[in-house]
Amino acid sequence: FDVTLAEDGKAGFDILKKNKASIKLILLDLMMPRLDGFGFLEEMKNQKIHIPTIISSNLSQDEDIKRAKSLGAIDFFVKSNTPLSEVVEKIQKILT
């Protein structure tokens, strides 16, 4: 995969705004400084940015999962419970 990393949610959203035409998928954590994952998803929704987004977080409460999906996330992985191979498989399915 060709990957772009951001050190926090605000930097990630700035990258997204500048490069949204070339971004095919977002793998997003919920716990980030400056702009958390929920805020990131809300900004995407407000700005009508429609890019498949998968949440990868250790937050695993049903409310967190439901909230992320209601804001547009297409999938949710609990980091501590999900092998990397499963994440890669899901990404490959989305990108093909």
Side-chain angles (χ1 to χ4, degrees):
F1 304 113
D2 183 17
V3 177
T4 302
L5 300 175
E7 66 271 8
D8 60 53
K10 169 111 175 51
F13 201 79
D14 290 344
I15 291 168
L16 172 61
K17 287 191 300 186
K18 291 177 187 168
N19 301 291
K20 62 185 169 189
S22 64
I23 296 174
K24 305 297 181 216
L25 178 108
I26 298 168
L27 186 60
L28 183 68
D29 198 345
L30 293 177
M31 302 301 296
M32 299 182 294
R34 296 183 64 205
L35 179 65
D36 70 12
F38 293 120
F40 192 102
L41 289 167
E42 287 171 357
E43 283 298 316
M44 286 181 65
K45 192 172 191 174
N46 291 340
Q47 295 190 30
K48 299 182 181 1
I49 297 172
H50 303 287
I51 296 173
T53 302
I54 297 173
I55 302 299
S56 178
S57 179
N58 276 325
L59 295 179
S60 59
Q61 300 295 322
D62 284 340
E63 309 87 59
D64 296 322
I65 296 168
K66 287 178 186 174
R67 182 175 176 200
K69 289 188 174 185
S70 74
L71 290 170
I74 61 169
D75 211 337
F76 192 108
F77 292 106
V78 177
K79 287 185 208 178
S80 59
N81 298 343
T82 307
L84 185 57
S85 60
E86 188 176 323
V87 176
V88 170
E89 182 179 307
K90 178 62 86 171
I91 290 170
Q92 288 174 327
K93 284 182 182 177
I94 292 168
L95 294 179
T96 57

(message) Applying the side chain to side chain contact (heavy atoms under 4.5 Å, CB included) criterion to F13, which one of K18, R34, Q47 satisfies it?
(response) Q47
(message) For residues M44 and I54: do they belong to one hydrophobic cluster (side chain heavy atoms under 4.5 Å, members Ile, Leu, Val, Met, Phe, Trp, Tyr)?
(response) no
(message) If we ignore hydrogens and angles and just use 3.5 Å, is the side chain of T53 paired with the main-chain N or O of I51 as donor and acceptor?
(response) yes
(request) Check whether any side-chain heavy atom of I94 sits under 4.5 Å from a side-chain heavy atom of D75, and report yes or no. (result) no
(request) Report yes or no: do V3 and I91 belong to one cluster of Ile/Leu/Val/Met/Phe/Trp/Tyr joined by side chain heavy-atom distances under 4.5 Å? (result) yes
(message) With heavy-atom distances below 4.5 Å as the criterion, would you say the side chains of L35 and D8 are in contact?
(response) no
(message) If I compare all heavy atoms of I65 with all of S60, which pair ends up nearest, and what's the gap?
(response) CD1-O, 4.0 Å
(request) Grab the two heavy atoms, one from F38 and one from L71, that are nearest each other, plus how far apart they are. (result) O-CD1, 3.8 Å
(message) Are I55 and L41 packed together at the side-chain level, in the sense that at least one heavy-atom pair is separated by less than 4.5 angstrom?
(response) yes
Could you pull out all donor-acceptor pairs under 3.5 Å where a side-chain atom in residues 21-33 meets a protein atom, sequence neighbours excluded?
residue, atom, partner, partner atom, Å
S22, OG, N19, O, 3.1
D29, OD1, M31, N, 3.3
D29, OD2, K79, NZ, 2.7

(request) Answer yes when K93 and E89 have at least one side-chain N-carboxylate O distance shorter than 4.0 Å, and no when they do not. (result) yes
(request) Determine whether L16 and L5 fall in the same hydrophobic cluster, where Ile, Leu, Val, Met, Phe, Trp and Tyr are linked whenever their side-chain heavy atoms lie under 4.5 Å apart. (result) no
(request) Please name the pair of heavy atoms, one in A11 and one in A6, separated by the smallest distance, quoted to 0.1 Å. (result) C-CB, 4.0 Å
(request) Mind listing the closest non-hydrogen atom pair of F40 and G12 along with its distance? (result) CE1-C, 3.6 Å
(message) Any non-hydrogen side-chain atom of E43 less than 4.5 Å from a side-chain atom of K10?
(response) no
(request) For P83 and N81, work out which heavy atoms get closest and say how close. (result) CD-O, 3.8 Å
(message) How close do S57 and F76 get, counting heavy atoms only, and between which atoms?
(response) CB-CZ, 4.2 Å
